[in-house]
Amino acid sequence: MTATATLSKAPAATVIRADYANADHAADIVGMLRVYAMDPMGGGEDLSSEVQANLVPGLAATPAASSLLAYVGDEVAGLANLMTTFSSFGGKPLINIHDIVVAKNHRGTGVGRALFAEIETMAREMGACKVTLEVLEGNAPAKALYASLGYGDYVLDPEMGRALFWQKRL
């Protein structure tokens, strides 16, 4: 399954479901995740050589993992790493967008929208109840895109506030 989107006069982006055994796909996944990692929204530091070496084999060994690659012509322009899990409250699968990145020279051209269109197609195919993601408070362009696509804060009871995403590094 592929999704195609275009905005204004920009060339259309084609989104494919990555094959972890395909060396070109593997290289593009690592390359785009490095772009994300080096961006201020990804921490501003390159991935270590160990992470680069383990990334695709680790994804391939994780049954819940899948990845999408967006291309404009032959150029990789975007990546989404996804994790499928189960919503205990929804009683159905859900997709968590673990990583999503669009190359700087393709931002604002529809690549992100094309990735989201394919993510939502995948979610519908599996009967998922929702798609989740995390976003940094200061990432205004990403938040604007996500909001325009219908994403918003996770709130069960407004008096209890919004859900927070916490972590503990090991």
Side-chain angles (χ1 to χ4, degrees), residues 15-70 76-104 107 111-112 115-116 118-120 122-123 125-147 149-170:
V15 176
I16 63 162
R17 297 178 187 187
D19 174 358
Y20 296 134
N22 179 309
D24 292 332
H25 292 184
D28 288 343
I29 290 167
V30 172
M32 285 305 304
L33 200 63
R34 291 182 69 204
V35 166
Y36 182 25
M38 290 186 277
D39 189 274
M41 296 304 153
E45 294 183 16
D46 198 358
L47 301 175
S48 71
S49 57
E50 179 182 7
V51 169
Q52 291 179 48
N54 291 337
L55 177 61
V56 175
L59 288 168
T62 303
S66 59
S67 299
L68 300 175
L69 288 162
V76 63
L79 166 70
N81 286 324
L82 313 170
M83 297 293 162
T84 301
T85 186
F86 186 79
S87 170
S88 54
F89 278 30
K92 295 181 179 182
L94 70 84
I95 292 179
N96 176 260
I97 302 170
H98 191 69
D99 305 299
I100 189 158
V101 60
V102 174
K104 285 184 182 184
R107 292 180 185 162
V111 172
L115 285 164
F116 273 92
E118 185 63 14
I119 292 165
E120 291 181 21
M122 291 174 66
E125 286 174 359
M126 70 177 59
C129 62
K130 64 183 172 180
V131 177
T132 63
L133 57 82
E134 301 88 39
V135 61
L136 293 176
E137 285 181 288
N139 194 343
K143 288 175 21 180
L145 171 64
Y146 306 158
L149 295 170
Y151 291 79
D153 288 337
Y154 177 78
V155 177
L156 291 174
D157 177 350
E159 290 188 21
M160 295 304 297
R162 298 175 300 165
L164 303 175
F165 183 73
W166 288 21
Q167 72 174 0
K168 177 182 178 180
R169 292 192 186 267
L170 302 176

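Remember, it's a predicted structure, so these values are computed and weren't measured experimentally. Heavy atoms only: backbone and side chains are in, while hydrogens, waters and symmetry mates are out.
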Exercise for review: Taking all heavy atoms of Tyr154 and all of Lys130, pick out the closest pair and write down the distance.
Suggested key: CE1-NZ, 3.7 Å

Check your understanding: Any side-chain heavy-atom pair from Ile95 and Met122 closer than 4.5 angstrom?
Key -> yes

Review point. In Å and rounded to the nearest 0.5 Å, what is the CG to CG distance from Leu59 to Leu55?
Key: 5.0 Å

**Study point:** By side chain to side chain donor-acceptor pair (under 3.5 Å) - contacts of Thr84 (at least two apart)
**Key:** none

Practice item. Can you tell me which residue pairs pass the side-chain hydrogen bond (donor to acceptor under 3.5 Å, both in side chains) test with a partner in residues 49-60, sequence neighbours excluded? Key: none

Review point. Which heavy atom in Gly127 sits nearest to a heavy atom in Pro93, and how many Å separate them?
Key: O-CD, 3.9 Å

Point to revise | Euclidean distance, Asn96 CG relative to Leu82 CG, rounded to 0.5 Å | key: 8.5 Å

Check your understanding: Considering all heavy atoms of both residues, which atom of Leu47 and which atom of Ala37 are nearest to each other, and what is their separation?
Key -> CD2-CB, 3.7 Å

Quick one: side chains of residues 60-67, donor-acceptor pairs under 3.5 Å with protein atoms, not counting sequence neighbours, listed by atom name and distance.
| unit_1 | atom_1 | unit_2 | atom_2 | d |
| --- | --- | --- | --- | --- |
| Thr62 | OG1 | Gly58 | O | 2.7 |
| Ser67 | OG | Tyr20 | OH | 2.7 |
| Ser67 | OG | Asn81 | OD1 | 2.6 |

Point to revise | Straight-line distance of Glu120 CD to Leu115 CG, nearest 0.5 Å | key: 11.5 Å

Point to revise | Partners passing side chain to side chain contact (heavy atoms under 4.5 Å, CB included) against Ala142 (at least two apart in sequence or in another chain) | key: Val135, Asn139, Tyr146

Practice item. Just do the side-chain contact (heavy atoms from CB on, under 4.5 Å) check on Leu69 and Val15 with the steps written out, would you? Key: CA-CA 6 Å; Leu69 288 162; Val15 176; over 6 Å; no

Check your understanding: How far apart are the C-alpha atoms of Glu137 and Lys143, what are their side-chain angles, what is the distance that settles it, and do they pass the salt bridge (Lys or Arg N to Asp or Glu O under 4.0 Å) test?
Key -> CA-CA 8 Å; Glu137 285 181 288; Lys143 288 175 21 180; over 6 Å; no

Practice item. Please round to the nearest 0.5 Å and tell me the distance separating atom CZ of Arg17 and atom CD1 of Ile119. Key: 10.5 Å

Check your understanding: Is any side-chain heavy atom of Val56 closer than 4.5 Å to a side-chain heavy atom of Val30?
Key -> yes

Point to revise | Note, Leu79 side chain near Asp28 side chain (heavy atom, < 4.5 Å) | key: no

Exercise for review: Heavy atoms only: give me the nearest Ala103-Met32 pair and the separation to one decimal.
Suggested key: N-CE, 3.6 Å

Practice item. Please check if atom NE2 in His98 has more than 12 non-hydrogen atoms from other residues, nucleotides or ligands closer than 6.0 Å. Key: no

Practice item. Compare every heavy atom of Val111 with every heavy atom of Ala77, then report the nearest pair and how far apart it is. Key: O-CG1, 3.8 Å

Revision key, fill the gap. Hits for salt bridge (charged side-chain N to carboxylate O under 4.0 Å, His left out) against Asp46, two or more places apart or cross-chain, chain-then-number order -> Arg34

Check your understanding: Should Leu94 and Thr132 be marked as a side-chain contact (heavy atoms from CB on, under 4.5 Å) after you check the CA-CA gap, both sets of side-chain angles, and the distance that decides it?
Key -> CA-CA 8 Å; Leu94 70 84; Thr132 63; 3.9 Å; yes

**Study point:** Asp19 CG to His25 NE2 distance, which is reported to the nearest 0.5 Å
**Key:** 6.5 Å

Check your understanding: Among all residues two or more places apart in sequence or in another chain, which pass the ring pair (Phe, Tyr, Trp, His ring centres under 6.0 Å) test with Tyr151?
Key -> Phe116

Review point. Side chain of Asp153, backbone of Val155: donor and acceptor closer than 3.5 Å?
Key: no

**Study point:** Verdict with supporting geometry, Lys104 and Asp39, side-chain contact (heavy atoms from CB on, under 4.5 Å)
**Key:** CA-CA 9 Å; Lys104 285 184 182 184; Asp39 189 274; 3.5 Å; yes

Practice item. Please round to the nearest 0.5 Å and tell me the distance separating atom CZ of Arg162 and atom CG of Leu156. Key: 14.0 Å

